[in-house]
Each structure stands twice: as structure tokens, then as C-alpha cells.
Amino acid sequence: MSTGNGSEIGSTEFGSTMVEKILAAKAGKEKVVPGNLVNTKIDLALGNDITAPVAIKEFGRFEVDEVFDPEKIVLVPDHFTPNKDIASAEQALLIRNFAEKYKIKHYYEIGRMGIEHALLPEQGLIRPGEVIIGADSHTCTYGALGAFATGVGSTDLAAAMVIGEAWFKVPATMRFEYRGSLPEWVGGKDLILFTIGQIGVSGARYRAMEFAGTAISQLSMDGRLTMANMAIEAGGKCGYIQPDQVTFDYLKDRMTVPYEAVYSDQDALYEQVFEYDISRLEPQIAFPPSPDNVYPVSEAKGIDLQQVVIGSCTNGRIEDLRIAAAVIKKKKVHPGVRMLVIPATQQIYRQALEEGLLSIFVDAEAAVSTPTCGPCLGGHMGILARGEKALATTNRNFVGRMGHPESEVYLSGPAVAAASAVAGKIVHPEEVI
Amino acid sequence: MIFEGKAWVFGDNIDTDAIIAARYLSTSEPAELAKHLMEDIKPDFPGLVSPGDILVGGENFGCGSSREHAPLAIKGAGVSCVIARIFARIFYRNAINIGLPIMECHEDLAGIESGSDRLRVDLEQGTITQLQTGHVYKAEPFPPFMQEIINRGGLVEYVKARVNPAG
């Protein structure tokens, strides 16, 4: 269902959304409305081993001696690491050397690192009310903590490393309200896949997506991070959840500096409002080759699989591993399936180790890997051959995303992925429990 | 800026994995990336595209990953300009930032024949002319702010001018 008073978008007579307020504050303005071009201060700028090398090359063209603030730049080698080949090793070396030369405080080496969008919130680098850019499209993940965070390219990152600012067009906001309680086996991944299925891969193009409602209040921070993570898959500029007790609890032990939470006004102007009753939602599956090609699991049953991947910046957090382990405990991965489990950060890896989750996976004959983006983008650590099918808790299933252009990727949450690894085909978790 | 070249037409939602697959991202050399441009959706494309050619996309061109390697690969192939009904936002930013001319045209471009029709694109006027028929499509000229970035040749020169106006 969609309602809204979009015709007045741009009017200054209404209140502001969270994103409008953050952008106004960081641009030093009283108020901004959708469509305004603003130049804002950046609180954090992020790059990885694929995007930072290009940014570093561009940075060199500025002929400056220092970065704007060595404490506000984060460099994480996570995509093709541990280095998959010589070319990747050279790229990782480039950012390591840059980090050393410019005294970048937040550089995370292998063994201490994690997939960037799981790592930064975990390390307490993301605060409500901040503006964060990252040369990675899934930077939108941080909206789960009430920040304005968006993906940019390498040249934007280079400029931000020099001046500590970036320009933005203020986005209109679409509000998504999820009513009811989350059914068993349904989590943040299912809500966001369902939403992308409803509005399409360009349904929120250039827009901010505000997630709200009773189901969101009940959702853990891990589930919220999963939802905001995939805003880009609907074309969104950012996805966010306004801070609440779940946010404050998450931040409590991670935050050493004060922050100020920002909220949408009661009379904020939304371009559109969508309301969904999710009390009877089934686990969702995105069929290849697009994240908006979404069906309930009951319509995906029986699709044969050769690989299952549990991990990524979308679903490689501790809650995801707990859910998968609960499903697969005392069972074996189907003989025709390779199951890969990739804890998203070193800390999550340790936690999974201490909770006995890794033993459950190993006993089930799954392969457990050190943190890496690896297979999600067809980089390494689980590439598909021609004709093979994978079910992954990752975020994209485009043609050739995980390997051969004639391989296929289906997307789901961790419960369905673990159950399907046991069955050798896509199933509802209840079928193997 | 005016460009003339052969048109290559692609559909809706062309993602950056399709433009340049992740397995080639261990380099950022435009000429090297160009060898694999559109390879997964049109394997013979790197051999077909010639310098000066114009890419025509549909809705949401360049969606997905933020990899700047996508516009770099297009630039590396010598493509003079990309037209789409609408671009995904990160691709749009990246193209402007690296000085790859792009233009949004909301008119129906379905009549343009891929690999044979020739187009003339006028960025300032916001027009696309199909040279065989003379048909003119109206497009969206850039807002002045972006025009300035383009006039400077990309974001780096634009920011340099701001940081050091005398230099």
C-alpha cells in the first residue's frame, strides 16, 4: 500500500526527515529540502582493497602533503584478501603503504580485520547523526545506527581524503512501515528482500529509505544492519532506522565519544509511505539474475544446489551464524553441496568459536573461512563453474556475480541457507528441523 | 561538447558487474579493463566497440557496485559518451568525477538500432540526433554545479581549483 503527499516535496513548510536534518547540520544550514545541493563535512571516509587503490592514485594528483584527518579515514583490505593472487597482493600493499605514510589510524590488517560494513559498527566507528561516505556501495549499511551513510566512487573518496567534504543532492525520503510481529524463521533479510521485490531494483533510486514500524522495533541490530545494507539493491542512496533502545544498547560499550541522535519530525514530508503487514511473511528468496526477482520460499522449493554461502557484509554477523548453526546442528551438509561459512569479522569469528558454533559447522562438514568478501563478488574462495547454482546470504545475484556467467545465485537469509545446505536443494527450515 | 559515433544499445538495469566483472578488478588500468567491457552479457563486445562509439542504456544504467572501474572501462574503450534513460546514482557521480560524458534522456530510445545507427550528441544543447533519419531526442542538460565539474575535466581539477584558487 502506498500513500503520501509527494507533490509537496521540496516545500519548506513541513518538518524534516532524519536524513534532511543530518545533511542540514553538517552543511551548516538551518534546513534543507529534497533537491538542494549541499556541501557537507564528512565524519568518516572508507575505502577497501579494490576502491582505495584508485582513490590513492587520484589522491596523488592533488599534490598535498597530508590527508584532512588521519583519524577519519578507514582502510580495510577485505575483498580479494587474504591476497588471492599477485595483482591483489600489489593492491593490498599499496593501501598498506598509504596507511603508513599518512598515519591512517583505522587501517585493519588481516588477522585483525573484517568485512568493512560488519567491522566499522562493531569497532564503534559509526555514530548516530554522522555523515559517512565509503567507496563501496554497501556503505549504506550504517544507516541502521541512525547515520547518513552512502556509497560513492574512488574519486569522491580521494577528494574527501583531501578536503573532508563531499557534495550531495538532498534525497527525498520513502518511508516503509512494517506492522505485526516477525514470524519464526523470518528476519531482516526477508523484510528487505520482500521490500526490494515490491518496489524493484530502481524503486528507491536516489531516495532515502526510512524503515520503521513494530517489526523494526523488535528487530536486533544485526537484522537492522542487514536491512540498511541492501537499500542500494533498491537503488537507494541510503537506508536508515531512527535510533531507539536497541541502538543505544548496541552503542553503550562501543562509544567513547558523545553523539547526538537525530529523528524525523512528526510532520516530516515523505515522498511515499509503504505499509506492510508482515505477520504471515514467509522466508524470501531472490532468484537470479536480480535482487528484485523475489518469491516466498514455498515457490522456490526443490531447486538443486551445488554451493551454499553464509557470510558477507549482509549476513555474516554473529546472529546469522547462530541461526545457521541452530538449523544445522547434528546434521550433515548434503554430499552434493559445498557449504562455506565466513564469519564477517575476526571478533565474530572468535565469538563463534567460543560459543561452539564453528564446531557445529565443521562437524556438519562445512568449510569455515577467515573473514573475506571473497565469493560474494566472485573474487575468490568459492567461485562457481558453468551451470552451477548457489544459495547465498549475500546481496547480489547478477549474471556472473559468483563466477561463470552461466552459473546462478539465489539469495536468502541464514536459516533457509543452512537448511538448504542439508537438503541439497532450497527448502523451508522447518523441513530439516 | 559534441560527439558523433556509432550507437550500442543496452537494456534496463545494466549493473556494474555486467559492465566489468569483479574478477578483473585487480587492475584499474582503463585499457586493460576495456578488454572485458560488457563481457558477461555480450561476450563479443570488446572486439566490436570502437573509439568514439556511444553507449545507450535504459533505466537504472550502472546499478549495483560502486566500482569506478565501470566508467573507467567504458572510457578505456574510447567510448565518447553514455546516454541512458536514467543512471544509477553512484555510476552517475563516478562518470562525472572521472570526466566521462553522460547524459540522461527520458524519451523512448527504442528506435535506435544497435551497432548500425550513428548519433550526434550535443551536451550543452541537451540533444541527441539520429544521423540517418535526422530525428532529434531531447535530453537533460546538467545543472550548473555539475557543468562546472565537467568543464574542469572532473572532480580532482574542480577541487584543486577550490583548494588553491590562485594555482
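Small disclaimer: the values here were computed from a predicted structure and weren't measured. Note on naming: letters A, B, ... go to the chains in the order of the sequence lines (proteins, then strands), and numbering restarts at 1 for each one.
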- Query: Just wondering, are more than 12 heavy atoms of other shown residues or ligands nearer than 6.0 Å to NZ in A/Lys29?
  - Reply: no
- Item | Within 6.0 angstrom of A/Glu66 CD, more than 12 heavy atoms from elsewhere | no
- Item | Positive for side chain to side chain contact (heavy atoms under 4.5 Å, CB included) with A/Val201, one of B/Asp15, B/Asp12, B/Asn13 | B/Asn13
- CD1 on B/Ile90 to CD1 on A/Ile232, rounded to 0.5 Å: 4.0 Å
So which part of [X] gets closer than 4.5 Å to some heavy atom of chain B, the side chain, the backbone, both or neither?
X	value
A/Phe62	both
A/Leu37	side chain
A/Asn48	neither
A/Ile50	both
A/Glu406	neither
A/Lys169	neither

Contact summary for [X] and [Y], nearest pair of heavy atoms:
X	Y	value
A/Arg205	B/Ala88	CD-CA, 4.4 Å
A/Gly153	B/Asn94	CA-OD1, 2.9 Å
A/Ser137	B/Ser66	N-OG, 3.3 Å
A/Gln91	B/Thr27	OE1-N, 4.0 Å
B/Arg23	A/Gly403	NH1-O, 3.9 Å

- Note on the structure: Heaviest contributor of heavy-atom pairs below 4.5 Å to chain B, chosen from A/Thr51, A/Asn395, A/Ile86, A/Ile163, is A/Ile163
- Query: When only pairs under 4.5 Å are counted, which of A/Gly379, A/Ser154, A/Gly400, A/Ser202 shares the most heavy-atom pairs with chain B?
  - Reply: A/Ser154
I'd like to know if the side chain of [X] and the backbone of [Y] have a donor-acceptor N/O pair within less than 3.5 Å.
X	Y	result
B/Glu68	A/Thr155	yes
B/Arg89	A/Gly151	yes
B/Lys160	A/Glu63	no

- Message: Quick one, A/Val152 with B/Asn97, criterion side-chain contact (heavy atoms from CB on, under 4.5 Å). Give me CA distance, side-chain angles, the key distance, then yes/no.
- Response: CA-CA 10 Å; A/Val152 296; B/Asn97 284 348; over 6 Å; no
- Which answer fits B/Tyr24, side chain, backbone, both or neither, if we ask what part of it has an atom under 4.5 Å from a heavy atom of chain A? neither
- Message: Does any backbone or side-chain atom of B/Tyr92 lie under 4.5 Å from a heavy atom of chain A? Answer side chain, backbone, both or neither.
- Response: side chain
- Query: Any idea which of B/Ile41, B/Ile86, B/Leu72, B/Thr16 has the most non-hydrogen atom pairs under 4.5 angstrom with chain A?
  - Reply: B/Ile86
- Is there side-chain contact between B/Asp17 and A/Val399, with heavy atoms separated by less than 4.5 Å? no
- For the pair A/Trp167 and B/Ile149, evaluate side-chain contact (heavy atoms from CB on, under 4.5 Å) and give the outcome as yes or no after the intermediate values. CA-CA 12 Å; A/Trp167 66 269; B/Ile149 298 180; 4.0 Å; yes
- Message: Ignoring hydrogens and geometry beyond distance, is a side-chain donor-acceptor pair present between B/Ser65 and A/Arg396 at under 3.5 Å?
- Response: no
